[in-house]
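Encoded as structure tokens, the structure appears first; notes follow it.
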Number of protein chains: 2
Amino acid sequence: MVETNGVPGVQTRGRARPRTAPSMAEVAALAGVSSQTVSRVSMGLDNVKPATRDRVLAAMAELGYAPNTAARALRYGSFRTLGVIAHQLARTGESRTVEAVVEAARAEGYTVTIVDVESPSPDDVSAAVTRLSHQAIDGLVIVRAESATPDTLALPAQLPVVVSDSRFVGTHPAVRADQTEGARLAVQHLLDLGHRTVHHVAGPDDSLPARSRIDAWRATLEAGGRAVPEPLHGDWTARTGYAVGRELATDPDVTAVFCANDETAAGVLHALHEAGRRVPDDVSVVGFDGITLAEHLWPPLTTVEQDFARIGSSLVDLLLRQVRDEVDLSGTHETVPVRLVVRESTGPAPRRP
Amino acid sequence: MVETNGVPGVQTRGRARPRTAPSMAEVAALAGVSSQTVSRVSMGLDNVKPATRDRVLAAMAELGYAPNTAARALRYGSFRTLGVIAHQLARTGESRTVEAVVEAARAEGYTVTIVDVESPSPDDVSAAVTRLSHQAIDGLVIVRAESATPDTLALPAQLPVVVSDSRFVGTHPAVRADQTEGARLAVQHLLDLGHRTVHHVAGPDDSLPARSRIDAWRATLEAGGRAVPEPLHGDWTARTGYAVGRELATDPDVTAVFCANDETAAGVLHALHEAGRRVPDDVSVVGFDGITLAEHLWPPLTTVEQDFARIGSSLVDLLLRQVRDEVDLSGTHETVPVRLVVRESTGPAPRRP
DNA sequence: GAGCCAAATGTTTACGTAAACATCATGGCC
DNA sequence: GGCCATGATGTTTACGTAAACATTTGGCTC
């Protein structure tokens with residue numbers, strides 16, 4: 001764990017105590033009591049005479065006292081803080097999950113420290129973990145690890161961890177959306193509409209969810225005895241969706257496209273419109289995620305909705321069970337159901353010419 | 001500052017020290033040195049004999065030692081952590097700004113603790129501040145305070161604060177996008193295209209940026225001697241954009257719409273499409289923010305791009321200057337330029353029938 | 001009013017780190 | 001070979017809080 005450089009212990013030196021907030025001792029002096037009594041008031045214990053309590057509260061108010069979290073954390077060995085490692089905070093799935101995690105953590109009295117990882121490369125994620133473990137956290141949520149694997153990622157021993165969909169499933173407690181069922185629903189929906197086959201604009205190769213969606217897409221086509229076209233590769237962005245979409249638009253055989261996520265679908269829609277192909281009359285498009293804007297794209301996008309709120313709260317739940325009870329949950333993983341929402345971007349297959 | 005309930009000092013009790021990580025003392029014992037020597041190695045000081053350092057590093061490795069952040073923070077009086085209060089993390093402007101803040105903070109060796117505020121009401125924001133000041137932060141970034149004002153928000157004295165666009169401008173150091181210029185550019189662009197006037201779908205009333213945009217929209221129309229229609233009110237979401245858009249779509253006099261943000265614009269586009277009004281042939285639409293999807297809406301959205309990355313880094317810069325140098329910057333505020341990006345959602349005004 | 005119990009409050013201590021100060025060795029110099 | 005400067009290491013202490021233990025106060029019983 002410790003290496004020549006990157007030793008957990010080695011840190012740059014911080015400046016010493018810049019600002020001096022009032023301490024319990026000062027409050028105690030002002031109120032004419034011992035600091036222990038201040039502590040009792042501060043913790044809301046009831047074995048303090050009301051008159052004394054009032055004097056202490058008044059002193060706190062006068063000095064603007066706030067308890068020193070560092071000292072408390074040192075005392076308790078806990079920060080009541082969770083760490084979150086996310087890859088691209090501004091991406092929809094990401095921010096919705098993080099938002100839900102923050103919310104769920106708050107409900108449990110925890111706050112959340114965020115580290116954004118520049119690239120999803122193992123190196124960057126490792127660096128993020130190292131940085132976070134220098135920080136004050138009781139547990140760690142890894143929202144997207146993409147290509148990182150348990151081997152490439154040196155997690156501090158003893159640090160409770162929970163991951164959302166990634167290669168850590170199996171080695172760490174995980175929460176994942178039901179990717180397989182989602183992709184199946186999407187593809188089957190298109191087949192049921194009479195499309196002969198379904199093209200797929202996939203996510204990046206190193207992403208496990210992306211691969212789950214590819215696999216389920218393929219399996220569903222095969223189960224229906226359909227031709228399986230070569231999947232096209234995107235990177236979750238609308239930009240590549242657009243680029244790939246321009247190619248798809250030129251192929252008259254393409255009547256149904258299942259996109260790895262809604263952003264990609266937006267790009268595909270853009271390309272189709274531009275090429276003059278009508279949606280859904282000529283081509284049907286399905287997305288994945290259920291971003292807020294999906295409903296207001298044109299035409300409104302049929303998509304597979306993930307329950308980000310539930311994913312977030314499950315992540316926190318699973319993590320806190322480890323933090324509090326120190327149980328070993330590795331291997332457990334929870335699957336959150338998804339939901340196909342049919343809108344106007346999908347329709348019956350065009351009649352063959 | 002202290003009140004009957006909600007006293008900063010009062011907290012529920014945490015369990016005491018659940019997990020015991022190896023301490024310096026244990027490493028010292030194993031390496032046969034004093035804990036101070038371990039500390040020196042840990043801090044990377046150079047006045048340790050190489051042989052000794054190696055022994056200490058070996059001991060650290062063996063025990064899986066990591067420095068206790070709480071103790072360090074207590075010692076230094078700093079966590080190297082900044083707090084961020086955001087309103088709706090998943091909203092685009094929000095998450096982009098937060099992402100940039102996280103990034104900029106990381107570059108300065110700080111991590112970021114996030115508190116998501118449920119509603120932008122003063123009460124909720126206050127609660128968030130209270131929660132955060134229990135946490136271990138050296139400074140606070142308020143990304144959107146909306147209706148909160150310096151009066152309604154009890155900030156801990158001495159806590160360095162920086163705010164993005166809000167009513168705190170003036171009392172606290174602030175960074176704001178050039179709302180006025182942005183709205184002017186948007187409206188003028190539409191007027192230059194020959195539209196007689198421009199309708200506005202505004203943001204919520206209690207948001208200062210929303211009001212700046214309204215004011216600049218009105219001022220630009222008046223400067224051009226145009227009629228100023230009643231502004232319509234949205235809440236930044238595509239949903240209300242759609243609702244309001246349905247009304248606009250029925251009014252043949254509406255040929256140009258300036259939306260308070262891109263999400264709203266997406267909703268308006270949706271409504272216009274649905275009503276069979278062509279964009280931009282019948283109606284031109286402009287957004288605000290420059291979300292990634294703007295380029296891939298249909299038609300690609302003309303919008304006023306904010307430089308979120310720069311806003312984020314300016315926020316951190318301004319905040320750290322206070323944290324480190326303890327200078328008083330209240331009153332200073334930085335304005336970040338915006339940029340009009342013209343796409344296909346705007347075009348010449350239709351010929352009058 | 002002595003005795004006793006419980007409530008209220010005070011005192012001591014430990015949490016892990018690192019600055020400040022103290023000590024000890026080593027080596028160069030005359 | 002003694003002296004001092006220097007570098008390496010050890011010892012003491014403080015940071016703010018809260019548990020554990022100790023003491024005082026007040027009220028009640030008989």
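In what follows, chains are A, B, ... by sequence order, proteins preceding strands, each numbered from 1. Side chains included, hydrogens not; waters and symmetry mates left out as well; all remaining heavy atoms used. Model, not experiment: these values are computed from the prediction.
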**Asked** Where the side chain of B:N68 is defined as all heavy atoms beyond and including C-beta, which of D:dA18, C:dT17, C:dT9 is the nearest nucleotide?
**Response** C:dT17

**Prompt:** Between atom CD in B:Q36 and atom P in C:dA22, what is the gap in whole Å?
**Reply:** 15 Å

**Request:** Give a yes/no answer on whether the side chain of B:R72 brings an N or O atom under 4.0 Å of OP1 or OP2 in C:dA18.
**Result:** yes

**Item:** Member of B:T113, B:T69, B:T111 meeting the side chain to side chain donor-acceptor pair (under 3.5 Å) criterion with B:T81
**Value:** B:T111

**Prompt:** On a plain distance test, is the side chain of A:R40 in donor-acceptor contact with the base of C:dG10 below 3.5 Å?
**Reply:** yes

**Request:** Can you tell me the distance, in whole Å, between the CG atom of B:L74 and the C1' atom of C:dA18?
**Result:** 11 Å

**Fill in**
The nucleotide from C:dA18, D:dG10, D:dT17 with an atom nearest the side chain of B:T37 is D:dG10

**Request:** Describe the nucleic acid contact of A:S39 in one word from base, sugar-phosphate, nothing, applying a heavy-atom distance below 4.0 Å.
**Result:** base

**Asked** What's the closest nucleotide to the A:M43 side chain, out of C:dT9, C:dA18, D:dA19?
**Response** D:dA19

**Sugar-phosphate, base or nothing in reach of A:T52, heavy atoms under 4.0 Å** = sugar-phosphate

**Fill in**
Between CD of B:E26 and C1' of C:dC15 the distance, given in whole Å, is 13 Å

**Message:** Which nucleotide wins on minimum distance to the side chain of B:P67, given the candidates C:dT17, D:dA18, C:dT9?
**Reply:** C:dT17

**Asked** Separation of B:M24 atom CE from C:dC15 atom C1', in whole Å?
**Response** 14 Å

**Asked** How long is the line joining CG of B:L45 and P of C:dA20, in whole Å?
**Response** 12 Å

**Message:** Salt bridge or not between A:R96 and A:E99? Use side-chain N to carboxylate O under 4.0 Å.
**Reply:** no

**Prompt:** Roughly, in whole Å, what's the span from OH in A:Y76 to C1' in D:dT17?
**Reply:** 8 Å

**Request:** Could you go through the side chain to side chain contact (heavy atoms under 4.5 Å, CB included) check for A:R40 and A:N47 one step at a time?
**Result:** CA-CA 8 Å; A:R40 284 191 261 257; A:N47 52 352; 3.7 Å; yes

**Item:** Test log, rule side chain to side chain donor-acceptor pair (under 3.5 Å), inputs B:S314 and B:R176
**Value:** CA-CA 10 Å; B:S314 290; B:R176 40 181 316 182; over 6 Å; no

**Request:** Kindly point out which of D:dT11, D:dA8, C:dC15 is positioned nearest to the side chain of B:N47?
**Result:** D:dA8

**Item:** Considering all heavy atoms, the nearest B:L63-B:P22 contact
**Value:** O-CG, 3.3 Å

**Asked** Hey, what bend do you get for the helix from C:dG1-D:dC30 to C:dC30-D:dG1 if you fit axes on five pairs at each end, rounded to 10°?
**Response** 50°

**Prompt:** Nearest of C:dA18, D:dA19, D:dT17 to any side-chain atom of A:A71?
**Reply:** D:dT17

**Item:** Atom-pair distance (CZ on A:R55; P on C:dA8), nearest Å
**Value:** 14 Å

